[in-house]
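Inspection log for the structure reproduced underneath, given as structure tokens.
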Amino acid sequence: MSTRLLIVFLSVAVGTLCGYIVFLSYKRNYTYLGGVCDMLSALKQNLAYKKDTVPVVLSGMTISNALLKKNIDEYIAYTAGQSDKREVSRGFLPQSTFDGVNDLFAAIGGSDENSQSARLDALELRFDKLLADAERKYTKYGSVAVKLGFLVGLGVGVLVL
């Protein structure tokens with residue numbers, strides 16, 4: 001009897017863990033895109049008022065997402081001539097987000113103020129849409145994934161009994 005309960009408990013734990021991992025993937029994508037939108041806002045503000053160089057602005061930002069921090073460091077290394085690779089690391093990003101991030105890092109700091117401002121506005125619209133979609137998935141599907149994982153684990157445990 002205790003072996004069966006242990007099997008049920010383990011299957012519920014594994015199912016819930018799998019659901020939680022899916023939840024974390026949604027959260028990770030949401031926080032990454034939130035950081036990109038904050039970065040774009042900081043760049044637009046700097047362009048309008050302070051007019052510092054892009055590497056100075058990016059190195060002065062506090063970034064909580066590890067992949068975004070790595071991408072910014074790769075971009076700064078490229079602009080400083082320490083790296084020949086302009087493309088940033090993909091990590092966990094979906095292809096559409098990765099393409100947008102590469103477009104972003106290719107576009108910033110490469111033109112005059114008016115062109116740069118228009119390009120940043122277009123990129124901000126693009127990333128705001130991606131952020132809204134990621135937020136919807138995170139809030140809607142994240143908790144559902146944990147609950148579904150729990151239920152699937154419970155179902156498997158009951159079937160094993």
Evaluate V160 against R4 for side chain to side chain contact (heavy atoms under 4.5 Å, CB included), listing each step before the verdict.
CA-CA 8 Å; V160 168; R4 291 181 180 172; over 6 Å; no

Spatial distance of atom CG (N65) from atom NZ (K27) [nearest 0.5 Å]:
11.0 Å

Where do S89 and L67 come nearest, in terms of heavy atoms and distance?
O-CD1, 4.2 Å

Measuring from atom CD1 of I63 to atom CG of N71, what distance do you get when rounded to the nearest 0.5 angstrom?
10.5 Å

Using a strict threshold of under 4.0 Å (side-chain N to carboxylate O), is an ion pair present between D133 and K129?
no

L43 versus Q116: any side-chain heavy-atom pair under 4.5 Å?
no

Distance-only donor-acceptor pairs under 3.5 Å for side chains of residues 11-21, two or more places apart:
residue, atom, partner, partner atom, Å
S11, OG, I7, O, 3.2
S11, OG, V8, O, 2.9
S11, OG, G153, O, 2.9
S11, OG, G157, N, 3.3
T16, OG1, V12, O, 2.8

Note, S59 side chain near I76 side chain (heavy atom, < 4.5 Å):
yes

Please report the closest heavy-atom contact between Q95 and R90, naming both atoms and the distance.
OE1-NH1, 3.0 Å

Closest heavy-atom contact between F127 and C37?
O-SG, 3.7 Å

If you count every heavy atom of other residues, nucleotides or ligands that lies below 6.0 Å from F92 atom CZ, does the total exceed 12?
yes

Looking at side-chain heavy atoms only, is the closest gap between Y141 and V22 below 4.5 Å?
no

Gap between atom CG of L33 and atom CZ of R28 - 0.5 Å precision
12.0 Å

Using the rule that Ile, Leu, Val, Met, Phe, Trp and Tyr join whenever any side-chain heavy atoms are under 4.5 Å apart, tell me whether L10 and L148 fall into a single cluster.
no

Indicate the atoms forming the closest heavy-atom contact of N29 with P94, along with that distance.
OD1-CD, 3.9 Å

Can you tell if the side chain of I72 reaches within under 4.5 Å of the side chain of F105, non-hydrogen atoms only?
yes

Would L125 and Y32 show up in the same hydrophobic cluster when neighbours are defined by side-chain heavy atoms closer than 4.5 Å?
no

Answer yes or no: is there a side-chain heavy-atom contact under 4.5 Å between E124 and L120?
no

Check whether any side-chain heavy atom of D103 lies under 4.5 Å from a side-chain heavy atom of R119, and answer yes or no.
yes

Check step by step if salt bridge (Lys or Arg N to Asp or Glu O under 4.0 Å) holds for D73 and K70.
CA-CA 5 Å; D73 290 342; K70 180 179 178 184; over 6 Å; no

In this structure, OG1 of T97 is separated from CG of N102 (nearest 0.5 Å) by 11.5 Å

Distance, nearest 0.5 Å, that separates CD of E135 from OG1 of T31
12.5 Å

Considering only heavy atoms from C-beta outward, does the side chain of I108 approach that of Y75 to under 4.5 Å?
yes

V152 and L24: same hydrophobic cluster, using ILVMFWY side-chain contacts below 4.5 Å?
no

Quick one: are K44 and D121 in side-chain contact, heavy atoms under 4.5 Å?
yes

Could you grab the distance from atom CG of L104 to atom CG of L40, nearest 0.5 Å is fine?
5.0 Å

Would you please indicate if the ring centroids of Y30 and Y138 are separated by under 6.0 Å?
yes

More than 12 heavy atoms from other groups under 6.0 Å of CZ on F98:
yes

